[in-house]
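What follows is a set of notes on a single structure, which appears directly below.
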Number of protein chains: 2
Amino acid sequence: MAQTKNTYQFEDLLDKHQLKKTAARLRVLSMMYAKNTATSQPDLESVMHDIDRVTLYRVLNVFEEKGIIHKVFDLNGTANYAVCQSGCHEHHHHDEHLHFNCTACKGVFCLNELSLPAINLPAGFQPSGFTVYASGLCPKCSKMQ
Amino acid sequence: MAQTKNTYQFEDLLDKHQLKKTAARLRVLSMMYAKNTATSQPDLESVMHDIDRVTLYRVLNVFEEKGIIHKVFDLNGTANYAVCQSGCHEHHHHDEHLHFNCTACKGVFCLNELSLPAINLPAGFQPSGFTVYASGLCPKCSKMQ
DNA sequence: CCGTAAATGCAATTGTGTTGCATTATGTAT
DNA sequence: ATACATAATGCAACACAATTGCATTTACGG
Ligand SMILES: [Mn+2]
Ligand SMILES: [Mn+2]
Ligand SMILES: [Zn+2]
Ligand SMILES: [Zn+2]
């Protein structure tokens, strides 16, 4: 679920990855860590009107490179980003968990706690990674019908 | 793999779905049935220079609505479309098979023959569908290294 | 062959994402 | 505290997929 972190911890996080502590980066971090669903650039833009859209794209890109967040596409093919749990490093993500896309609230949930079953492919195909999506109703939306 | 059908069969297919037999639709059908990988609007556009891009989008959309093709996003989040095998009807697709996206040739393969393992979700999540992607090298590209 | 509804072409618009470059802010050395 | 080098940002422009409105053309049943 949503991880609680204060400004000092976000500054430490940026320090740890040798990133300068800028207002845009701190605000993106606090927004992303405050929610339990993935965030898109348009999501950020709709809240942070004073930060240029290009800056938001660049913040997301550098966070992904550093292994702070990972990219996941929603049902419409638009990029969303979620905070990485652990085991993610620069240019090397370990995000082979299931992603749940709620058809009602459109939220994208990372289900890190689930273990994915092994999948074997037909002869000739050499897989290097798997991505599993589920769509349907999230807990909150299924309660409200 | 690639299904072989002639023009009469494509006309029958359009008839069956109460779609008018137009040149654009017949050409899109013959191109999509001739290959064993999914096709994007830009793919079609690069071949059918005389057909407007908007028409190609509309042909793809109506084929998807009718259950003739299904949409699958590639690694870059762009929409590709593949011929449905069976069991797909208007507004009701059964395309819960694995999609393999080759990182070399960028081809998107529908692996209909594979059966996907069951996946159960945490309490509260009500799934209505699953999508599984694998990325890596397809048979042809893995042979060429 | 005609008439009508559907399909198409074209222009314009939206949305997401990228690039180049001038300006500003950050962190460090003085 | 100040100056400097470098990184980050803002802005304009661009690229590309996808959508919408509307006029024109086509398909097809009568
Ligand atoms: Mn995730
Ligand atoms: Mn498929
Ligand atoms: Zn929901
Ligand atoms: Zn390949």
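Chain letters run A, B, ... following the sequence lines, proteins first and then strands; every chain starts at 1.
As a whole-Å value, the separation of K66(A) NZ from dA7(D) P is 11 Å. In this structure, L60(A) places its CG atom 15 Å from C1' of dA8(D), rounding to the nearest Å. Summarising the geometry, the separation between CD on Q41(B) and C1' on dC16(D) is reported as 10 Å, rounded to the nearest angstrom. Taking atom CG on N80(A) and atom C1' on dT16(C), their separation rounds to 12 Å, with Å as the unit. L14(B) has its CG atom 10 Å from the P atom of dA7(C), to the nearest Å.
Using a 4.0 Å cut-off between charged side-chain N and carboxylate O, D15(B) and K20(B) make no salt bridge.
Of the inter-residue distances, the one linking Y81(B) atom OH with L60(B) atom CG reads 5.5 Å to the nearest 0.5 angstrom. Note: F100(B) CZ to L111(B) CG = 8.0 Å, rounded to the nearest 0.5 Å.
Remark: R25(B) engages no residue in a side-chain hydrogen bond (donor to acceptor under 3.5 Å, both in side chains) (not counting sequence neighbours). Remark: F73(A) pairs with no residue by the ring pair (Phe, Tyr, Trp, His ring centres under 6.0 Å) rule, at least two apart or across chains. Listed by chain and residue number, nothing satisfies the side-chain hydrogen bond (donor to acceptor under 3.5 Å, both in side chains) test with N76(B) (two or more places apart in sequence, or in another chain). Q41(A) meets the side-chain hydrogen bond (donor to acceptor under 3.5 Å, both in side chains) test with E45(A), Y57(A); sequence neighbours excluded.
Using a 4.5 Å heavy-atom cutoff, the side chains of S135(A) and T131(B) are not in contact.
Note on N61(B): a side-chain N or O is less than 4.0 Å away from OP1 or OP2 of dT19(D).
Contacts between residues 43-58 of chain A and DNA chain D, defined by a heavy-atom separation below 4.0 Å, involve D50(A), I51(A), D52(A), V54(A), T55(A), R58(A), listed by number. Residues from residues 15-23 of chain A lying near DNA chain D, meaning a heavy-atom separation below 4.0 Å, are K20(A), T22(A) in numerical order.
Nearest-nucleotide positions on DNA chain D place R25(A) closer to the 5' end than the other of R25(A) and T78(B).
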